[in-house]
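Report on the structure given below.
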Amino acid sequence: MFITRISMIFLLISILTVLSWFLILSSTTSNRVLDHISVSGPTDSPLTIIRSSNNSPDAESPHFRNREDENRGGAKKTEEVKETLQCNQKVSPISPRPLKVYMYDMSPEFHFGLLGWKPERNGVVWPDVRVNVPHHPGGLNLQHSVEYWLTLDLLFSELPEDTRTSRAAIRVKNYTEADVVFVPFFSSLSYNRFSKVTQKQKQSRDRELQDKVVKFVTAQKEWKHSGGKDHVIMAHHPNSMSTARHKLYPAMFVVADFGRYSPRVANVDKDIVAPYKHLVPSYVNDTSGFDARPVLLYFQGAIYRKAVSVCLLACYTRWIRETRVILPSERRKDVHFSFGSVQNHGISKAGEGMRSSKFCLNIAGDTPSSNRLFDAIASHCIPVIISDEIELPYEDVLNYNEFCIFVRASDAVKKGFLLGLDGDGGDYGVQMIWKAVARKAPLVKMKVHRFQRFTRPFDLV
């Protein structure tokens, strides 16, 4: 009997508790948060908000519309109140934020000093690009001038006059705000101009500058903070940074290809492949159609080099052998394969030849890539790439199969194989390189975080 009485009391308390919660929830129904929000379209479409309501006075407002649904018995009514909020202005898509680049203020001897520029007073590191942009020597040096253009681009990004909305990178003065660190050493220009040892020198000036760069960069707190993994170093000429690369390899290199690098020092996962600067002028007003170009296949360039590829020699040897045994009247006049150089207006002649050709050969020479590919693209001549080891710029976003033909070297030397296949935006290029760096920025962050696992981060504040 006593147990039964306790059970009845417990049951009564439980019922009262449930009823009290029910009354609390019922009393707050009209003031509850939104049941759901539905967006019926893109960002410039009306935003529809649906509430549950019981004959609220707000229903009479012109901003609301009442809708009644009766069931078949007519005993119960459910009302939905809809509120539409119309944006006054269309919301434009958010542009990707520019890559934030911290650039070392290095001595002019590493960059514009190599072009003969001298600061007007002590303590000045950079030229005032608003009034004086140091002139680039041009010629063959232009092929590897990416270092010159990237540095200028960062200097221009600091000026209020630069209002470009397409800018992919900006310079920041605080390392803690930066995505990457840029080392402004004109390594390709240094190699082209100062790699030879004179009689009075024990080592070349280029070698001395490389040693100085290694000493300067590795002593910086920014390098110690990340182990150099967030640093961007330009080594576009295949022979540039020949000794420094082995000491600065944790950094991200900007290269032309990986032909003269070990995978430990440079590889496609870590580094950036940047295009050569084409030497022939861009074909701006091209009115010629594909069939209107008289030359089927075109190649003109240096055939005998110090480390020329077997494929290039094989193609040239086969061409000479076959054309010698054919009568002059029977030789194909729509194929051009000859030696050429920059001497005697060689660049302008090559440009004219490419503009008159349907296909242009890009054969691996002493390196997997060459400027010839980009000259062909600038001339609207379809590149035929014969280079099994070539790495191409921006291939993570650009499909070269859509406008190039790739041929294995083993197939290219077969008789008749190639012939059987028949059936200026300089600033844009700079921004494309910065975008390629930005695409690797998340990986850089991960590497830096891993580097700092068992090391105390260097104090940068």
Side-chain angles (χ1 to χ4, degrees), residues 139-140 142-143 275-305 308-309 311-365 369-387 390 392 398-409 411-425:
L140 286 178
L142 276 177
Q143 296 182 91
Y276 290 72
K277 174 73 173 65
H278 60 84
L279 299 180
V280 304
S282 298
Y283 202 174
V284 179
N285 298 315
D286 182 7
T287 58
S288 63
F290 180 79
D291 295 330
R293 297 190 171 206
V295 179
L296 173 65
L297 194 61
Y298 184 91
F299 176 87
Q300 181 167 308
I303 297 172
Y304 298 106
R305 297 287 295 272
V308 72
S309 72
C311 178
L312 180 54
L313 278 178
C315 288
Y316 182 66
T317 303
R318 176 173 290 280
W319 173 253
I320 294 297
R321 184 169 63 247
E322 292 180 357
T323 54
R324 281 180 177 174
V325 300
I326 298 176
L327 294 175
S329 59
E330 297 177 352
R331 293 177 185 171
R332 296 197 61 155
K333 297 180 180 180
D334 58 350
V335 176
H336 179 94
F337 197 111
S338 70
F339 175 84
S341 68
V342 296
Q343 306 297 328
N344 299 320
H345 307 287
I347 294 177
S348 60
K349 291 178 181 178
E352 293 174 2
M354 290 182 175
R355 292 184 180 189
S356 303
S357 306
K358 296 181 176 70
F359 300 94
C360 290
L361 280 177
N362 181 72
I363 309 174
S369 65
S370 73
N371 187 67
R372 193 171 293 107
L373 168 63
F374 306 99
D375 283 344
I377 294 174
S379 303
H380 304 171
C381 181
I382 299 174
V384 179
I385 300 175
I386 308 173
S387 181
I390 194 171
L392 297 167
L398 192 62
N399 185 5
Y400 284 82
N401 297 295
E402 295 180 351
F403 56 91
C404 296
I405 296 176
F406 292 86
V407 179
R408 291 188 179 90
D411 292 330
V413 297
K414 296 177 181 177
K415 182 178 179 179
F417 186 88
L418 290 177
L419 297 182
L421 293 174
D422 185 20
D424 197 297

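Given the structure is predicted, the values throughout are model-derived calculations rather than measurements.
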Calculate, to the nearest 0.5 Å, the distance between atoms [atom1] and [atom2] belonging to [X] and [Y] respectively.
{"X": "Phe290", "Y": "Ile382", "atom1": "CZ", "atom2": "CD1", "answer": "4.5 Å"}
{"X": "Cys404", "Y": "Ile377", "atom1": "SG", "atom2": "CD1", "answer": "5.0 Å"}
{"X": "Leu296", "Y": "Ser356", "atom1": "CG", "atom2": "OG", "answer": "13.0 Å"}
{"X": "Cys360", "Y": "Met354", "atom1": "SG", "atom2": "CE", "answer": "5.0 Å"}

Practice prompt. Please answer whether the main-chain N or O of Phe359 pairs with a side-chain N or O of Arg293 as donor and acceptor at a distance below 3.5 Å.
Written response: no
Worksheet entry | Member of Ile386, Ile363, Asn362, Val384 meeting the side-chain contact (heavy atoms from CB on, under 4.5 Å) criterion with Phe299 | Ile363
Discussion item. For Ser379 versus Gly351, what's the shortest heavy-atom pair and its separation?
Written reply: OG-O, 4.3 Å
Practice prompt. Could you pull out all residues at least two apart from Phe403 that satisfy ring-ring contact (aromatic ring centres under 6.0 Å, His included)?
Written response: Tyr400
Worksheet item: Can you tell if the side chain of Ser288 reaches within under 4.5 Å of the side chain of Arg355, non-hydrogen atoms only?
Response: no
